[in-house]
Novice: 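For reference, the structure I am asking about is given below.
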Amino acid sequence: MPELPEVETVKRSLIPFLQGVRIEKAEILFAKIIKYPEPNQFRAKIKGKKIVDLKRRGKYLLFFLEEDLTLVIHLRMTGQLTLCKQDVPVSKHTHLIFSLSSEEELRFTDVRKFGLIYLVPTGEWEGIKGLWSLGHEPLADDFTFEVFRELLADKKGKLKPFLLDQRKIAGIGNIYADEILFAAGLHPLREIQTLKPAELKKLYRAIRSILEESIKNRGTSIQDYVDGRGEKGSFQERLKVYGRKGEACLNCGTQLQRIIVTGRGTVICPLCQGEKYA
DNA sequence: AGTCAAACCTGGGCGC
DNA sequence: TGCGCCCAGGTTTGAC
């Protein structure tokens, strides 16, 4: 579920309620979501620690705790991280509950149990491969057009798989890959090396503008996604291709098509994005 | 280096 | 209602 804009929204919604708050207790209801360390150690180490700060990197959430510990959480497809009162009934799919000094609870809920949770010494991400190997933050100031052009310079392969590769650019998932490609007017199967300078520029601008616009709309809620306060986002109302197979293109009226690109469902406008590459 | 399928899980929607 | 099938926003792994 959550891609960069959703994870960013969760982070922003939690920060004011978590900074300076202490984790009194961790209650583990489904042990397998804790990847490191062992559940008993996890419980013992996190007990009593104050949350100093909260950051996002790609689709990862990083909770910086006292004593140089970092709680790392990836929500994967259906994970939710929500703050609520202690008397709210616990969902069937809640796997981890943190009791906080603020009298609230922070709960991790995940229908598909794909989520990942680690507690590691700050900066020691070597054991968390996905975090360790993340590429550029697409909204960072230093992710300039020059950097982007260099990143694609001698790359082979197709556009959509590249956008989804977290080792190149961090945080883009299936929804935003489709929206970005439509905004740039580029076909997902287009070979990277055939891009003209003007198309590169359009792609770069689309990456930044789509992600920024989604954050402004507090993310995309299709099935499960909610922010840290349980609120849905509204970017799903602004999606132009994702989930609109068979509907009319908002630019030209052509019927949107669904194709498969490296196993991922992909919606395109065959006219605006160049049918010849399909 | 790239490409692809499979695996981890559960639930929703569809056709019959 | 029930069954079987396909689909789902992510990432890793291992084979080619």
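All values reported here derive from a predicted model rather than from experimental measurement. Lettering of chains follows the sequences in order, A, B, ..., and the numbering in each one begins at 1.
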Novice: Expressed in angstrom and rounded to an integer, what is the separation of A:Ile73 atom CD1 from C:dT11 atom P?
Specialist: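 It works out to 15 Å between those atoms.
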Novice: How is A:Gln166 classified with respect to the nucleic acid when contacts are heavy atoms under 4.0 Å: base, sugar-phosphate, or nothing?
Specialist: sugar-phosphate
Novice: A:Leu116 CG to B:dC8 C1': how many Å, rounded?
Specialist: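 Whole-Å distance recorded here is 10 Å.
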Novice: Closer than 4.0 angstrom, basic N to acidic O: yes or no for A:Lys85 and A:Glu104?
Specialist: yes
Novice: Quick one: is A:His74 getting a side-chain N or O under 4.0 Å of the C:dG10 phosphate, OP1 or OP2?
Specialist: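 For C:dG10, neither OP1 nor OP2 has a side-chain N or O of A:His74 closer than 4.0 Å.
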Novice: OP1 or OP2 of C:dG9 less than 4.0 angstrom from a side-chain nitrogen or oxygen of A:Tyr176, does that happen here?
Specialist: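 So the side chain of A:Tyr176 is outside the cut-off, no N or O lying under 4.0 Å from OP1 or OP2 of C:dG9.
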Novice: Reckon A:Lys245 touches a base, only the sugar-phosphate, or nothing at all at heavy-atom distances under 4.0 Å?
Specialist: nothing
Novice: Taking only the side-chain heavy atoms of A:Asn174 (C-beta and beyond), determine which of B:dC9, C:dT12, C:dG10 contains the nearest atom.
Specialist: C:dG10
Novice: Any idea which of C:dG9, B:dG2, C:dT11 is nearest the A:Lys156 side chain?
Specialist: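 So the side chain of A:Lys156 is nearest to B:dG2.
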Novice: Side chain of A:Val111: nearest nucleotide among C:dG9, C:dT12, B:dT10?
Specialist: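 In terms of side-chain proximity for A:Val111, the closest of C:dG9, C:dT12, B:dT10 is B:dT10.
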Novice: Paired with C:dG9: which nucleotide, if any, by Watson-Crick or G-U wobble criteria at under 3.5 Å for both distances?
Specialist: none
Novice: Whole-Å distance between C:dG9 C1' and A:Ile172 CD1?
Specialist: 14 Å
Novice: Write down the distance separating the P atoms in C:dC6 and B:dA5, rounded off to the nearest Å.
Specialist: 15 Å
Novice: Here's a test of your reading of the structure: between A:Thr266 and A:Ile128, which maps to the more 5' nucleotide of DNA chain C?
Specialist: A:Thr266
Novice: Between A:Lys158 and B:dG2, does any side-chain N or O lie under 4.0 Å from OP1 or OP2?
Specialist: no
Novice: Salt-bridged, A:Lys232 to A:Glu237, with N to O below 4.0 Å?
Specialist: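 So A:Lys232 does not pair with A:Glu237 through a salt bridge.
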Novice: Which is it for A:Leu75 and A:Asp110 under the side chain to side chain contact (heavy atoms under 4.5 Å, CB included) test, yes or no, and what are the steps along the way?
Specialist: CA-CA 8 Å; A:Leu75 302 171; A:Asp110 185 3; over 6 Å; no
Novice: C:dT11 base stacked by A:Phe114? Criteria: ring centres under 5.5 Å, plane angle under 30°.
Specialist: no
Novice: Please determine whether a side-chain nitrogen of the Lys or Arg among A:Glu191 and A:Lys158 lies less than 4.0 Å from a carboxylate oxygen of the Asp or Glu.
Specialist: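 Looking at A:Glu191 and A:Lys158, the cut-off is met.
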Novice: Flag the pair A:Glu137 and A:Arg56 as a salt bridge only when some basic side-chain nitrogen lies within less than 4.0 angstrom of an acidic carboxylate oxygen.
Specialist: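 Counted as a salt bridge, because a side-chain N and a carboxylate O are separated by less than 4.0 Å.
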Novice: Verify the contact: side-chain N or O of A:Arg264 to OP1 or OP2 of B:dC4, cut-off strictly under 4.0 Å; return yes or no.
Specialist: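 So the side-chain polar atoms of A:Arg264 never come under 4.0 Å of the phosphate oxygens OP1 or OP2 of B:dC4.
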Novice: Checking side chain to side chain donor-acceptor pair (under 3.5 Å) against A:Thr220, which of A:Tyr225, A:Tyr242, A:Tyr176 comes through?
Specialist: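 Among A:Tyr225, A:Tyr242, A:Tyr176, the one that satisfies the side chain to side chain donor-acceptor pair (under 3.5 Å) with A:Thr220 is A:Tyr176.
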Novice: A:His93 side chain N/O closer than 4.0 Å to the phosphate oxygens (OP1, OP2) of B:dC9?
Specialist: no
Novice: Take A:Val261 and A:Lys92, find for each the nucleotide of DNA chain B with the closest heavy atom, and name the residue whose nucleotide sits nearer the 5' end.
Specialist: A:Val261
Novice: Between atom CD1 in A:Ile260 and atom P in C:dC7, what is the gap in whole Å?
Specialist: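 So the CD1-P distance, A:Ile260 to C:dC7, works out to 7 Å.
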Novice: Taking NZ from A:Lys113 and C1' from B:dG11, how many angstroms apart are they, rounded to a whole number?
Specialist: 13 Å
Novice: From NZ of A:Lys35 over to C1' of B:dC8, roughly how many Å is that when rounded to an integer?
Specialist: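 It is 8 Å, rounded to the nearest whole Å.
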Novice: Does A:Lys129 make a side-chain N or O approach to OP1 or OP2 of C:dT13 shorter than 4.0 Å?
Specialist: yes
Novice: According to the 5.5 Å centroid and 30° plane-angle thresholds, does A:Tyr225 stack upon the nucleobase of C:dG9?
Specialist: no
Novice: Roughly how many Å is it from CZ in A:Arg112 to P in C:dA8, rounded to a whole number?
Specialist: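 These atoms are roughly 10 Å apart.
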Novice: Surrounding NZ of A:Lys129 (heavy atoms of other residues, nucleotides or ligands, distance under 6.0 Å), is the total greater than 12?
Specialist: no
Novice: Reckon A:Arg258 touches a base, only the sugar-phosphate, or nothing at all at heavy-atom distances under 4.0 Å?
Specialist: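 Sugar-phosphate, no base atom in range.
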Novice: Whole-Å distance between B:dG2 P and A:Lys168 NZ?
Specialist: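 In whole Å, B:dG2 P and A:Lys168 NZ are 6 Å from each other.
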Novice: Can you check whether A:Lys155 has a side-chain N or O nearer than 4.0 Å to OP1 or OP2 of B:dG2?
Specialist: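 Answer is no, no contact under 4.0 Å.
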Novice: Base, sugar-phosphate, or nothing for A:Gly263, non-hydrogen atoms under 4.0 angstrom?
Specialist: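 Nothing, no nucleic acid heavy atom in range.
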